[in-house]
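These notes are about the structure you will find just below.
Every chain is numbered from 1 and lettered A, B, ... according to where its sequence line falls, protein lines coming before strand lines. Please read these numbers as outputs of a predicted model, since none were measured by experiment.
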Amino acid sequence: MSKRYLITSALPYANGALHLGHLAGAYLPADIYVRYLRLLGKDVVWVCGSDEHGAAITIRAKKEGVTPQQIIDKYHELNKSTFDRLGISFDYYHRTSAPLHHETSQDFFLKLYHQGGEFEEREIEQYYDQDFDQFLADRYIVGTCPKCGHGEAYGDQCENCGSDLSPIELINPRSTLSGKLPVLKKTKHWYFKLDKHEGWLRQWIDEGILDGAQHHDPKAWKRHVVGQCLSWLDGGLQPRAITRDLPWGIPVPLPEAKGKVLYVWFDAPIGYISSTRQWARENGQDWELYWKDKDTTLIHFIGKDNIVFHCIVFPAMLKAHGEFNLPINVPANQFLNFEGQKFSKSRGWGIEQHEYLEEFKDFPNKEDALRYALIRNMPENKDADFKWDEFIDFHDKELADNLGNFVNRVVVLSNKYFDGKAPQANVSVKEGLAEVLTLARRLTAELDGFSFRSAVLTLMEISSWGNTHLQDVSPWKLYKDNPDDPAIKDCLFLSLQIVALLSLLCEPFIPFTAPKVRRLIGLPDIQRGELQEALDNLASGVELLPAGHPIGAPELLFAKIIDRKDDSRLMIVNRQREKLQQVLTAEQTKERPPAKPEIQYEDFSKLDLRTGTILAAEKVPKADKLLKLTVELGSEQRTIVSGIAQHFKPEELPGQPVVIVANLAPRTLKGIESQGMILTAENEKGELVFVNAPKGWGDGFGVK
RNA sequence: GGCGUGGUAGCUCAGCUGGUUAGAGCGCAUGAUUCAUAAUCAUGAGGUCGGCGGUUCAAGCCCGCCUCACGCUACCA
């Protein structure tokens with residue numbers, strides 16, 4: 001058993017709010033796990049913080065006409081406080097703009113630099129803005145997309161067609177700083193030699209062996225995590241640039257690196273370390289014990305987009321440094337969809353954490369209702385889907401009808417029959433609750449294995465067991481015959497023990513409800529380590545709630561959403577459903593993209609558009625999207641390679657009239673020279689249709 | 001095209017290193033019950049475990065081929 005635990009959750013990027021998918025991916029599971037460890041009395045520290053560097057933040061600041069500092073302050077506060085309100089119980093939520101983090105990152109860099117062998121320097125050509133006298137990050141350059149012709153494509157990506165680009169590919173590139181044409185200029189950067197770590201990484205991930213010793217059980221890692229890592233390693237690792245020419249970030253601590261900062265991916269994971277250091281400072285602790293002691297278990301909670309980073313890149317950095325522990329497990333979650341589709345801020349699809357709290361502010365138990373729905377549908381091994389229908393079902397049928405109702409039944413009956421005191425019973429806790437204890441142990445085992453969905457179902461099974469037990473004994477029947485029947489006391493005594501146990505077991509999942517349950521049965525707030533104590537007590541036959549213990553007045557834990565007498569909660573949920581409908585409706589009548597910049601007739605007249613007919617079509621080998629077409633143009637035939645294989649079957653194309661661009665420069669694709677381009681139109685669903693003259697109209701005639 | 005992950009009851013998903021009649025929750029049907037938030041409890045119906053072929057005494061689980069979904073990647077003139 002490990003002496004202590006260090007838990008991390010992915011650092012949220014401080015240029016936007018987080019949605020429910022993020023919460024379900026990296027924060028809620030970690031919170032459950034950490035709360036559970038605390039209940040067991042473990043020495044655990046859970047760190048997180050805002051990731052506040054990178055070009056995306058400076059771009060956003062520029063767009064909004066504010067400083068980067070204002071952006072990160074805004075989202076740091078927003079995310080931090082939202083987490084807090086949802087009961088996400090970090091031990092420390094730091095930020096990478098803090099001086100301590102800069103110092104930690106620079107020290108880390110220097111250690112590797114001076115140690116030698118980990119870095120290499122490379123000269124590359126990069127765009128440079130002469131007016132502003134600085135190199136331009138990819139996103140600081142805009143131009144015409146070479147693939148779709150979109151006029152405002154970024155240097156790393158075109159937001160119109162989604163292509164990944166490099167700044168060099170852009171047509172008519174211009175700097176977003178000065179608006180002028182940037183020049184290519186040489187610059188020097190440092191690269192981390194990731195490739196040299198390939199060997200041990202493979203053994204570590206595949207077999208769990210590190211430095212010749214068993215480090216962890218590779219079978220305890222999720223399949224999709226190991227799969228993706230090995231796939232990456234098979235593809236071969238490349239050195240990665242760790243510096244950038246950018247005015248925003250952590251300065252590279254070398255005299256010859258003026259104006260350069262650490263690439264954000266390099267400093268961000270070090271944020272886990274600085275967050276721990278800051279926590280230790282403020283709490284009089286030794287941070288190094290948590291990062292360097294062999295008896296510390298390190299676990300990273302992340303989403304699947306971060307797997308390679310936390311299983312390959314960061315471990316390589318830590319190993320290169322030499323003093324740090326490597327993670328024992330990286331239980332990455334997959335993605336959460338929202339009502340069948342991906343979360344999309346721009347589309348307005350989905351709901352952000354702080355929006356939820358705002359929209360549901362009049363909803364009782366809004367935090368636990370959300371947490372519960374997300375846990376029940378957590379994307380542990382495959383993508384999952386959040387649906388409001390299920391939100392209602394989980395809340396009403398499981399939290400209210402099963403758990404809430406059981407607690408209520410027990411409290412009501414105790415008040416009714418025993419004047420609000422735990423009865424004196426004549427039953428063995430050890431025997432009477434043996435099955436319950438087994439279930440509780442199963443629950444803890446599931447938490448140990450990061451199976452949060454199963455664990456929360458087991459919680460419900462315990463509550464169900466209580467309901468069944470009540471039903472089997474039916475004390476209300478016995479009471480009619482003989483109010484002093486000892487079986488009534490036994491039954492309620494055991495039921496109260498179950499409620500007491502549930503008050504502890506439910507805390508990691510629904511921490512806002514747990515204290516309410518405690519109050520209902522007259523117990524003080526939960527103490528660290530109390531679950532471990534309770535389990536030990538039950539195992540040795542000691543009750544959690546002694547006879548005579550005062551029980552509180554009954555009070556409902558969960559007000560149901562589907563409630564004949566009060567539809568206010570349903571209204572709140574229905575508002576969300578309506579919003580989604582509106583998004584869908586709006587998209588059907590949606591306006592089309594704005595026209596591209598004006599051109600002259602001469603520009604247009606350069607195009608030679610002609611009618612033609614497809615004679616033959618075949619699939620291009622080893623390409624998903626390409627078809628090789630032979631097109632009749634009247635006076636000649638052309639070979640044209642077109643990216644339409646996913647829309648049309650080759651056999652249905654011969655005879656299809658088309659319009660082609662006849663004077664487009666030839667281009668070789670997958671070894672075939674394409675002599676032109678077929679015109680198609682694409683709608684919002686991505687469906688393609690040919691632009692053409694009627695069949696048999698004639699080939700090779702001009703189009704204008 | 002390559003790689004990874006997944007395709008199990010109407011819906012959402014469990015099924016560890018292959019081993020007896022394939023599981024859970026919801027939904028559905030029938031019954032019991034009334035302490036409780038029209039809650040609870042019991043019983044039942046419902047599956048060619050994506051398809052085809054193979055290995056094995058034995059396959060949902062292993063192998064091959066095919067197919068569909070998601071992700072990464074190549075291609076998209």
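- For Ile572(A), the side-chain contact (heavy atoms from CB on, under 4.5 Å) partners are Phe360(A), Asp362(A), Phe363(A), Arg575(A), not counting sequence neighbours.
- Annotation: side chain to side chain donor-acceptor pair (under 3.5 Å) contacts involving residues 410-425 of chain A, sequence neighbours excluded, are absent.
- A straight line from CG of Asn402(A) to C1' of rA36(B) spans 13 Å, rounded to a whole angstrom.
- Side chain of Arg564(A), nearest nucleotide from rA38(B), rU37(B), rC41(B): rA38(B).
- Between Arg409(A) and Met677(A), the residue anchored nearer the 5' end of RNA chain B, judged by the nucleotide with its closest heavy atom, is Arg409(A).
- At the phosphate of rC35(B), neither OP1 nor OP2 sits under 4.0 Å from any side-chain N or O atom of Ser474(A).
- Look at CZ on Arg453(A): it is 10 Å from P on rG15(B), rounded to the nearest Å.
- The residue Leu413(A) sits close to a base: some heavy atom pair falls under 4.0 Å.
- Taking a pair as Watson-Crick or G-U with both hydrogen-bonding distances under 3.5 Å, the stems of three or more pairs touching RNA chain B are B:1-7 with B:67-73, B:10-13 with B:23-26, B:28-32 with B:40-44, B:50-54 with B:62-66.
- A search for ring pair (Phe, Tyr, Trp, His ring centres under 6.0 Å) contacts involving His22(A) returns His19(A), not counting sequence neighbours.
- Asn405(A) comes within 4.0 angstrom of a nucleotide base, judged by non-hydrogen atoms across all strands.
- For the pairing with Ile551(A), the side chain to side chain contact (heavy atoms under 4.5 Å, CB included) check across Val412(A), Leu413(A), Leu496(A) returns one residue only, Leu496(A).
- Applying the ring-ring contact (aromatic ring centres under 6.0 Å, His included) test to pairs two or more places apart or on separate chains, those with a residue in residues 439-461 of chain A are Tyr33(A)-Phe450(A), Phe301(A)-Phe450(A).
- Listed pair Lys382(A) / rA14(B) meets the phosphate criterion, a side-chain N or O lying under 4.0 Å from OP1 or OP2.
- Evaluation of the side-chain contact (heavy atoms from CB on, under 4.5 Å) rule for Asn306(A) yields Ala10(A), Ile302(A), Phe309(A), His310(A) as partners, not counting sequence neighbours.
- Here the P atom of nucleotide rC35(B) and the CZ atom of Phe493(A) are 24 Å apart, to the nearest Å.
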Side-chain donor-acceptor pairs under 3.5 Å in residues 469-483 of chain A, sequence neighbours left out?
| residue | atom | partner | partner atom | Å |
| --- | --- | --- | --- | --- |
| Gln471(A) | OE1 | Arg409(A) | NH2 | 3.1 |
| Ser474(A) | OG | Gln471(A) | O | 2.6 |
| Asn482(A) | OD1 | Asp484(A) | N | 2.9 |

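- As a whole-Å value, the separation of Leu470(A) CG from rA42(B) P is 12 Å.
- Using a 4.0 Å heavy-atom distance criterion, Glu398(A) is classed as a sugar-phosphate-only contact.
- Applying the side-chain contact (heavy atoms from CB on, under 4.5 Å) test to Lys222(A) and every residue at least two apart in sequence or in another chain returns His224(A), Val225(A), Pro331(A), Asn333(A), Glu380(A), Asn381(A).
- For the pair Ser464(A) and Trp476(A), nearest-nucleotide mapping onto RNA chain B gives the more 5' position to Trp476(A).
- As judged by a 4.0 angstrom heavy-atom cut-off over every strand, Lys222(A) is placed among residues making no nucleic acid contact.
- Residue Lys565(A) has its side chain nearest to rA38(B) when only rA38(B), rC41(B), rU37(B) are considered.
- Phe558(A) is linked by a ring pair (Phe, Tyr, Trp, His ring centres under 6.0 Å) to His395(A), counting only residues two or more places apart in sequence or in another chain.
- Distance CG (Leu399(A)) to P (rA36(B)): 21 Å, rounded to an integer number of Å.
- Residue Ile672(A) contributes atom CD1, which lies 13 Å from atom C1' of rG1(B) at whole-angstrom precision.
- Side-chain atoms of Asn467(A) and Asn402(A) form a donor-acceptor pair, as typed in the model, at a separation below 3.5 Å.
- By the salt bridge (charged side-chain N to carboxylate O under 4.0 Å, His left out) test, Asp385(A) is found to be paired with Lys387(A), residues two or more places apart in sequence or in another chain being considered.
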Sub-3.5 Å pairs of nitrogen or oxygen atoms, protein against nucleotides 69-72 of chain B:
| residue | atom | partner | partner atom | Å |
| --- | --- | --- | --- | --- |
| rC70(B) | O2' | Asp383(A) | OD2 | 3.2 |
| rG71(B) | OP1 | Lys342(A) | NZ | 2.2 |

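- Within the 4.0 angstrom heavy-atom criterion, no nucleotide atom of any strand lies near Val410(A).
- Residue contacts shown for Leu230(A) are absent, as no nucleic acid heavy atom lies under 4.0 Å away.
- Among the heavy atoms of the strands lying under 4.0 Å from Phe558(A) is at least one base atom, whether or not backbone atoms are also near.
- Distance, Ile561(A) CD1 to rA38(B) P: 15 Å, rounded to whole Å.
- Side chain of Lys416(A), nearest nucleotide from rA36(B), rU12(B), rA38(B): rA36(B).
- Using bins of under 30°, 30° to 60° and over 60° for the plane-to-plane angle, the ring pair Trp388(A)/Phe338(A) lands in the perpendicular bin.
- A gap of 46 Å separates the C1' atoms of rA42(B) and rG4(B), to the nearest Å.
- Comparing the P positions of rU48(B) and rG64(B) gives a spacing of 27 Å, expressed to the nearest Å.
- Contacts of Ser454(A) with the nucleic acid, taken as non-hydrogen atoms under 4.0 Å apart, are absent.
- Taking the P atom of each, rU30(B) and rU37(B) are spaced 26 Å apart, rounded to whole Å.
- As rounded to the nearest Å, rC65(B) and rA74(B) have P atoms that lie 25 Å from one another.
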Hey, what are the protein-to-nucleotides 27-32 of chain B N/O distances that come in under 3.5 Å?
| residue | atom | partner | partner atom | Å |
| --- | --- | --- | --- | --- |
| rG27(B) | OP1 | Lys397(A) | NZ | 2.9 |

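- Of the C1' atoms belonging to rG53(B) and rU43(B), the separation is 42 Å, rounded to the nearest Å.
- Rounded to whole Å, the separation between the P atoms of rG50(B) and rU73(B) comes to 29 Å.
- Here the side chains of Lys560(A) and Ile392(A) are not in contact, with every heavy-atom distance at 4.5 Å or above.
- Across rC62(B) and rA69(B), the matching C1' atoms stand 24 Å from one another, rounded to whole Å.
- In this structure, CZ on Arg371(A) lies 6.5 Å from CD1 on Ile32(A), to the nearest 0.5 angstrom.
- Rounded to the nearest Å, the gap between the C1' atom of rG31(B) and that of rU67(B) is 45 Å.
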Report task. Applying side chain to side chain donor-acceptor pair (under 3.5 Å), run through Lys304(A) and Gln334(A) and close with a yes or a no. Result -> CA-CA 5 Å; Lys304(A) 71 171 163 185; Gln334(A) 308 245 12; 3.1 Å; yes
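- Taking only side-chain nitrogens and oxygens, Arg223(A) comes nearer than 4.0 Å to OP1 or OP2 of rG6(B).
- Between Leu403(A) atom CG and rU40(B) atom P the separation is 12 Å, expressed in whole Å.
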